[in-house]
Q: 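Right, I'll just put the structure down here and ask away after.
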Amino acid sequence: MSPIVKLTNVHKAFGAVKVLNGVSFEVGRGEVAAVIGQSGSGKSTALRCINALETIEDGTIEVCDHAVHDPNMNKNALRRDVGIVFQSYNLFPHLTAEQNIMLAPTCVKKLSKSAARDLAREVLSQVGLEAKADHFPEQLSGGQQQRVAIARSLAMKPKLMLFDEVTSALDPQLTGEVLKVMEDLARGGMTMILVTHEMAFARKVASKVIYMHHGQVWETGPGAMLENPQTQELRDFVGSGL
Ligand SMILES: Nc1ncnc2c1ncn2[C@@H]1O[C@H](COP(=O)(O)OP(=O)(O)OP(=O)(O)O)[C@@H](O)[C@H]1O
Ligand SMILES: [Mg+2]
């Protein structure tokens, strides 16, 4: 079966700074890939390239049958297939949880209000927040807001979800709530790539760990590789307790 995501020898620089230096990896359907590595190693950039938020200089990126490296690729079609959630939730403060979620399905997919509302209820229950549909963001905890942001992505029925350090701004208890939602998604068969500093979570949930160092995939393998690093760099990284 062909992979959902395939990066081949991807190069990306910001001016003179080379950020991705020949990155290659694949993620299969239903797989959960955890991208780990030091600050500045290129994790977020790699994720952003997958969703065409950045352009690349060399190499190829295939995502859900879209040739992302091709400047003529249809970005809207790509983004209908790929959901992305960041550390900051970016909910509209003047809209309720439900209204935030209904926005894209009504505007982009032209769903009727009532169909979009049903969909919002469905995805809110998926993240355990059906009771909070009418709450405004400021009436929700950080973890709840992040779960609404995840639900908002799910409402577009993506084939692939990208998560960039979605728990980094949260305290441990709220982090746990969000990680549980992600674990449920993984168990439900969602294909996911997550950049995370949560090593225990990566070990438990990820079918593949991608350790990035200096803009390269330094080591990759199943979660168990974290117990037996093959390179000094990963040994140091795991040892640093990050
Ligand atoms: N828009 C940009 N313009 C210029 N440089 C950038 C830009 N985005 C990222 N960089 C640089 O690219 C490098 C990799 O950044 P990236 O955000 O991918 O790292 P990261 O692995 O996600 O780090 P962190 O763990 O801190 O989030 C860094 O040196 C960063 O300063
Ligand atoms: Mg980052």
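Remember, it's a predicted structure, so these values are computed and weren't measured experimentally. Each ligand, and each atom within it, is numbered from 1 in the order the structure gives. What's counted below: heavy atoms across the whole structure, side chains too, no hydrogens, waters or symmetry copies.
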Q: Other residues, nucleotides and ligands only: do more than 12 of their heavy atoms fall within 6.0 Å of NZ on Lys18?
A: yes

Q: Show me which atoms of ligand 1 lie under 4.0 Å from any heavy atom of Thr45.
A: 15 (O), 16 (P), 18 (O)

Q: May I ask you to decide if Gly37's main-chain N or O and Lys43's side chain share a donor-acceptor pair within less than 3.5 Å?
A: yes

Q: Mind checking whether the Mg ion (ligand 2) has an N, O or S of Ser39 under 2.8 Å?
A: no

Q: Run the contact test for Gly40 against ligand 1 with a 4.0 Å cut-off on heavy atoms, strictly below, and give the result.
A: yes

Q: Can a salt bridge be assigned to the pair Glu122 and Lys157 using a cut-off of 4.0 Å between side-chain N and carboxylate O?
A: yes

Q: Using heavy-atom distances, let me know which of Ala46, Ser44, Gly37 sits nearest atom 17 (O) of ligand 1.
A: Ser44

Q: So is Arg48 in contact with ligand 1, going by heavy-atom distances below 4.0 Å?
A: no

Q: Hey, are Glu98 and Lys132 close enough for a salt bridge, meaning a charged N less than 4.0 Å from a carboxylate O?
A: no

Q: Output yes when Arg121 and Asp118 qualify as a salt bridge under the 4.0 Å nitrogen-oxygen rule, no when they do not.
A: no

Q: Among the heavy atoms of Glu165, does any lie under 4.0 Å from an atom of ligand 1?
A: yes

Q: Touching ligand 1 at all, Val17? Heavy atoms, strictly under 4.0 Å?
A: no

Q: Measure from the side-chain N and O atoms of Ser88 to the backbone N and O of Asn90, and report whether any donor-acceptor pair falls under 3.5 Å.
A: no

Q: Could you tell me, atom by atom, which parts of ligand 1 come under 4.0 Å of a heavy atom of Gln38?
A: 21 (O)

Q: Can you check whether Glu54 has an N/O within less than 3.5 Å of an N/O in ligand 1?
A: no

